[in-house]
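To start, the structure under review is shown below, and the notes come after it.
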Amino acid sequence: MKKSGIIAIAGRPNSGKSTLLNRVMSTELSIVSPKAQTTRERVLGILSEKEGQIVFIDTPGIHNAKDGGINEFMMNEVREALEGASAIWYLVDPSSAIYHESRVIELLKAAGNVPVFLIFNKMDLNKSDEATQLNLVRFEEEIRQKAVESGLTVRSVHQISALKGKGVGELLAQTWSILPEGPALYPDEEQLSDRPVKFFVAEKIRQQLLRQLGEEVPYSCAVKVETFKENVKPVRIEASIFVERDSQKSIVIGAAGSKIKAIGTAARGDIEEFLDQKIFLGLQVKVLKDWSRDKNRLKDLGYAL
Ligand SMILES: Nc1nc2c(ncn2[C@@H]2O[C@H](COP(=O)(O)OP(=O)(O)O)[C@@H](O)[C@H]2O)c(=O)[nH]1
Ligand SMILES: [Mg+2]
């Protein structure tokens with residue numbers, strides 16, 4: 001009998017959750033950037049192996065959501081993912097601090113009494129000197145204690161590098177070992193995610209906005225694929241980039257259109273790689289005033305609360 005289960009990948013923004021999902025799936029499913037809150041929506045990775053099937057849910061980073069807008073939507077995505085999980089991969093960046101992690105641990109309670117894999121990521125950056133090692137052991141103990149106090153069941157502690165792949169095989173093996181026998185949730189073994197191609201196309205564009213724009217503007221950007229024509233060669237894709245203010249529109253377009261051109265070129269490359277075929281990509285920048293705080297506009301963009 002084969003095994004099956006759902007693993008929620010959770011943790012603070014930037015701890016490497018999406019990088020880890022891409023690593024275990026061996027494809028660039030979830031977008032990655034050095035900026036916090038890159039991931040806005042849950043992204044599924046469906047791993048079908050000889051042992052059975054694991055459905056991974058990559059989640060937005062856990063942070064304080066003060067408003068009723070996009071941030072609250074993101075934290076809701078985390079909660080819903082946790083509620084259905086068979087186990088949690090809880091990622092920690094070793095340079096984090098206990099007061100940040102306490103907030104995460106509080107939210108992880110939403111998963112109920114499921115095994116938690118406490119995973120220290122980015123070990124490739126960690127120095128091997130004694131003081132660093134000692135600090136890591138202390139931090140590990142602090143988090144473990146806090147988690148136990150909060151009623152979480154820490155199954156094991158891991159040190160990995162999602163970027164380099166170190167320790168990920170062992171983590172996967174231990175994860176399989178705790179999963180119960182059961183039927184695959186997604187019977188088609190070729191299926192890698194639950195999202196339509198359009199979603200991934202929009203995300204690839206958003207990834208370039210995050211990578212090529214400054215600190216603030218990407219958080220005011222949303223991408224919607226308007227046209228996706230597959231019966232022509234090259235495949236024709238047209239997308240709108242929504243910003244919240246006129247000033248942001250000028251930033252995204254850049255001097256003489258230089259910025260949007262660079263974003264388009266890079267996004268086209270990413271999409272071509274993902275689809276494994278040539279595409280035409282048309283981008284238009286539009287102002288949708290204050291969309292990130294407007295319930296109806298959020299809904300139109302697919303972020304329904
Ligand atoms: N050096 C190093 N960087 C990593 C590792 N995992 C993730 N990163 C980087 O950390 C940043 C955030 O990664 P991302 O996967 O988007 O984090 P998320 O917000 O938790 O999904 C990106 O710049 C990644 O390249 C790792 O194992 N080692
Ligand atoms: Mg992410």
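Order of listing sets the numbers, starting from 1, for every ligand and every atom in it. This chain uses plain numbering: 1 for the first residue, then up along the sequence.
Vertex the Mg ion (ligand 2); arms to Thr39 OG1 and Ser18 OG; angle rounded to 10 degrees, 90°.
A donor-acceptor pair under 3.5 Å is absent between the side-chain atoms of Asp290 and the main chain of Arg293, judged by distance alone.
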May I have a table of the N/O to N/O pairs between ligand 1 and the protein that fall below 3.5 Å, each row giving the two atom names and the distance to 0.1 Å?
| from | atom 1 | to | atom 2 | distance (Å) |
| --- | --- | --- | --- | --- |
| ligand 1 | 1 (N) | Asp124 | OD2 | 2.9 |
| ligand 1 | 6 (N) | Asn121 | ND2 | 3.2 |
| ligand 1 | 10 (O) | Lys122 | NZ | 3.1 |
| ligand 1 | 15 (O) | Ser18 | N | 3.4 |
| ligand 1 | 15 (O) | Thr19 | N | 2.9 |
| ligand 1 | 15 (O) | Thr19 | OG1 | 2.6 |
| ligand 1 | 17 (O) | Gly16 | N | 3.1 |
| ligand 1 | 19 (O) | Asn14 | N | 2.9 |
| ligand 1 | 20 (O) | Ser15 | N | 3.2 |
| ligand 1 | 20 (O) | Gly16 | N | 2.9 |
| ligand 1 | 20 (O) | Lys17 | N | 2.9 |
| ligand 1 | 20 (O) | Lys17 | NZ | 2.7 |
| ligand 1 | 21 (O) | Ser18 | N | 3.0 |
| ligand 1 | 21 (O) | Ser18 | OG | 3.0 |
| ligand 1 | 27 (O) | Asn121 | OD1 | 3.1 |
| ligand 1 | 27 (O) | Asp124 | OD1 | 3.4 |
| ligand 1 | 27 (O) | Ser161 | OG | 3.3 |
| ligand 1 | 27 (O) | Ala162 | N | 3.0 |
| ligand 1 | 27 (O) | Leu163 | N | 3.1 |
| ligand 1 | 28 (N) | Asp124 | OD1 | 2.7 |
| ligand 1 | 28 (N) | Asp124 | OD2 | 3.4 |

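Taking the six-membered ring where tryptophan is involved, the planes of Phe120 and Phe139 are perpendicular, since the angle between them exceeds 60° and thus also 30°.
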- Task: Report the C-alpha separation of Lys286 and Ser240 in whole Å, then their side-chain angles, then the decisive distance to 0.1 Å, and conclude whether the side-chain hydrogen bond (donor to acceptor under 3.5 Å, both in side chains) test is met.
- Result: CA-CA 7 Å; Lys286 297 173 184 168; Ser240 302; 3.0 Å; yes
- Worked check of side-chain hydrogen bond (donor to acceptor under 3.5 Å, both in side chains) between Glu101 and Ser96: CA-CA 7 Å; Glu101 298 304 327; Ser96 178; 2.5 Å; yes
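Listed by chain and number, the hydrophobic cluster partners of Leu185 are Ile6, Leu44, Ile46, Val55, Ile57, Tyr186, where partners are ILVMFWY side chains within reach of under 4.5 Å, directly or through others.
Applying the side-chain contact (heavy atoms from CB on, under 4.5 Å) test between Ile241 and each of Ile260, Leu288, Ile253 identifies Ile260 as the sole match.
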